[in-house]
Amino acid sequence: MDKKSLLPLSLLLATATAFPAAAQTAPAETTASTQTPAKAKNIIVFLADAGGVPIINAASLLGYGEPQKLRIQQWPHLGLSETSPVDQFVSDSANGMSSIMTGVKTRNGVISQGPDAARGRQDGTPTKTLLEYAEERGLLTGVITTQSIADATPAATYAHSNDRKTWGTIFPQAFTPRFGDGVDVMFGAGRAKIGEQLAAAGTSFDKLGQTHKRPIYSTLDEVPAANLRPVVVGDRMDVHAATLKALDILQRSPKGYFLMVEWDAHTDDPREGLQNVIDFDKLIAEVERRVDLKDTLLVFTADHSFGLQVDGGRRGEPLLEGYDAWKAGPKEGGIVRLKNVLVNRTHTGEEVAAIATGAGAERVRGYFPNTYLFDVMMKAWGWAVDTKTGK
């Protein structure tokens, strides 16, 4: 490994001084947690984009008329994950997901690079992602999202960029991986915008597919059954169908797999956002039934929280009373005021839930920085951090 791949001293210092010592410390060991945890063969991360604690609570109330009725709310291991970047209190998806995937907090807008990056101006040190660790060890990998496959959350698993908006240079990185042979299953949206940026860079979906001998389909239905490394970039993505299709492929791996599934949970439109969480939870329950928790770790969390609060309501009455009138009326300002729900349509800085079940899940407990989830998953696999190309 050449000297350029070693982490600069400035980055080590920036990382060490960016967070208080207490925030860096993993939850204290307890008698129960000192027992040898089960080792994971497979890991699935379910990422609700903007799905903070208030949104999880409201989704249960909307879907079932009672609190704590979601499947994820029945999982046995729970912690609160702090999401801030190195220089602010409120995170975007780029820093939030990069921190989880690499164990290194960075700056908003930056994709899996260290805090020595300057958004849009200067690259930072590439930080090694969980997906890259899995690829290096021969596991199968998958990335699925309701959003653009080149947007911040999915991109943080496979790409490195100082600007989350550069989809035309982010997406092609999936075909030129630093470790292994790259993401095996990629299903997401964003086809029109990614295509425009690829064209501006002098390439296209067809050219990428031909160069790397991996066709890039526009729908799930186009994928031949024999294609075990499918890439689909559509206008929209049915994440339920995509996840089950991905599992059919990934579960064939003798070494194990890593899968990240993102479902948008922003509640700018409260009914749409909360229904997304309800549907995501149903998918998660279905996936849970299909895996063996003795060798599979399931983690649910969010990249950041969002400004929704339930401040009224009674059992037996509609949670979103007044929604239809709001939907039909003019949309002015950043506030949604329903009878029982207030939405300030912005990211917020409070901790988000991290909930886990399966092999290695017992490490998820207490308050911790979101970077701790990286350590949870690495330890579940029994892998050591690569100090030269990792942190």
Same cluster (ILVMFWY, side-chain, under 4.5 Å), [X] and [Y]:
X	Y	answer
L342	L319	no
L47	I170	yes
V239	L250	yes
V185	V291	yes
V143	I249	no

**Item:** Among D269, L274, T267, side chain to side chain contact (heavy atoms under 4.5 Å, CB included) partner for R271
**Value:**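 By the side chain to side chain contact (heavy atoms under 4.5 Å, CB included) criterion, R271 pairs with just one of D269, L274, T267: D269.
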Distance-only, no hydrogens or angles: does the [X] side chain make a donor-acceptor pair with backbone N or O of [Y] under 3.5 Å?
X	Y	value
D163	T166	no
S112	A156	yes
E135	G182	yes
Q73	L70	yes
D292	K294	yes
Q122	D116	yes
T157	P154	yes
Q173	A159	no
N276	A48	no
D303	A50	yes

**Candidate pair S81 and L373, rule side-chain contact (heavy atoms from CB on, under 4.5 Å), full reasoning** = CA-CA 8 Å; S81 175; L373 292 173; 4.1 Å; yes
Side-chain heavy-atom pair [X], [Y] within 4.5 angstrom cut-off:
X	Y	answer
Y158	M186	yes
R178	P126	yes
K128	V104	no
E262	M97	no
T146	F280	no
L130	M260	no
D151	T153	no
H77	T357	no

With rounding to the nearest 0.5 angstrom, report the [atom1] to [atom2] distance, [X] to [Y].
X	Y	atom1	atom2	value
E350	T83	CD	OG1	8.0 Å
D281	F300	CG	CZ	7.5 Å
R71	E288	CZ	CD	4.0 Å
T129	I111	OG1	CD1	11.5 Å
D248	R290	CG	CZ	4.5 Å
K339	L320	NZ	CG	12.5 Å

**Request:** Only counting residues at least two apart or in another chain, list the ones meeting side chain to side chain donor-acceptor pair (under 3.5 Å) with R236.
**Result:**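 R236 satisfies side chain to side chain donor-acceptor pair (under 3.5 Å) with no other residue.
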**Request:** Check the pair D264, H266 against side-chain hydrogen bond (donor to acceptor under 3.5 Å, both in side chains), reporting the backbone distance first and the verdict last.
**Result:** CA-CA 6 Å; D264 183 35; H266 286 82; 2.7 Å; yes
Taking atom types as modelled, find out whether [X] and [Y] have a side-chain donor-acceptor pair closer than 3.5 angstrom.
X	Y	answer
N340	Y323	no
N162	Q113	no
T106	S98	no
T145	Q147	no
T371	D375	no

Considering all heavy atoms of both residues, which atom of [X] and which atom of [Y] are nearest to each other, and what is their separation?
X	Y	result
P230	V223	CB-CG1, 3.6 Å
G360	A380	CA-CB, 4.3 Å
V53	A353	CG2-N, 3.8 Å

**Prompt:** So F46 and W75, would you call those rings parallel, tilted or perpendicular, with 30° and 60° as cut-offs?
**Reply:**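 Aromatic pair F46/W75 classed tilted.
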**Message:** Working note: L283 + W263, criterion side-chain contact (heavy atoms from CB on, under 4.5 Å); need CA distance, chi angles, decisive distance, verdict.
**Reply:** CA-CA 10 Å; L283 170 63; W263 202 312; 4.0 Å; yes
For the pair [X] and [Y], find out whether any cationic side-chain nitrogen is under 4.0 Å from an anionic carboxylate oxygen.
X	Y	result
D221	K245	no
R191	D235	no
E272	K327	no

**Request:** Test side-chain contact (heavy atoms from CB on, under 4.5 Å) on V299 and I100 and set out the steps.
**Result:** CA-CA 11 Å; V299 177; I100 296 167; over 6 Å; no
May I have the list of side-chain donor-acceptor pairs in residues 306-313 shorter than 3.5 Å, sequence neighbours left out?
residue	atom	partner	partner atom	Å
Q309	NE2	D311	OD2	3.4
D311	OD1	R337	NH2	2.9
D311	OD2	R337	NH1	3.0
D311	OD2	R337	NH2	3.2

**Item:** CA sep, side-chain torsions, deciding dist, call: I216, F175, side-chain contact (heavy atoms from CB on, under 4.5 Å)
**Value:** CA-CA 11 Å; I216 302 170; F175 301 88; 3.7 Å; yes
**Prompt:** In a check of salt bridge (charged side-chain N to carboxylate O under 4.0 Å, His left out) between D92 and each of R107, R164, K165, which one passes?
**Reply:**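 The single option meeting the salt bridge (charged side-chain N to carboxylate O under 4.0 Å, His left out) with D92 is R164.
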**Request:** Provide the full list of ring-ring contact (aromatic ring centres under 6.0 Å, His included) pairs with a residue in residues 78-101, sequence neighbours left out, each pair given once.
**Result:**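 As it turns out, there is no ring-ring contact (aromatic ring centres under 6.0 Å, His included) pair with a partner in residues 78-101 once direct neighbours are skipped.
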**Request:** Give the intermediate values and the outcome of salt bridge (Lys or Arg N to Asp or Glu O under 4.0 Å) for residues R214 and D184.
**Result:** CA-CA 10 Å; R214 291 189 74 184; D184 294 291; 5.9 Å; no
**Asked** When you look at D206 and Q210, which way does the side-chain hydrogen bond (donor to acceptor under 3.5 Å, both in side chains) test go after all the steps?
**Response** CA-CA 6 Å; D206 286 342; Q210 291 168 5; 5.5 Å; no
**Message:** Does Q68, at its CD atom, have more than 12 non-hydrogen atoms belonging to other residues, nucleotides or ligands within less than 6.0 Å?
**Reply:**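 No, because the 6.0 Å sphere around CD of Q68 holds 12 heavy atoms or fewer from other groups.
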**Prompt:** Any chance NZ of K331 has more than 12 other-residue heavy atoms, nucleotides or ligands included, within less than 6.0 Å?
**Reply:**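 Atom NZ in K331 is packed in, count exceeds 12.
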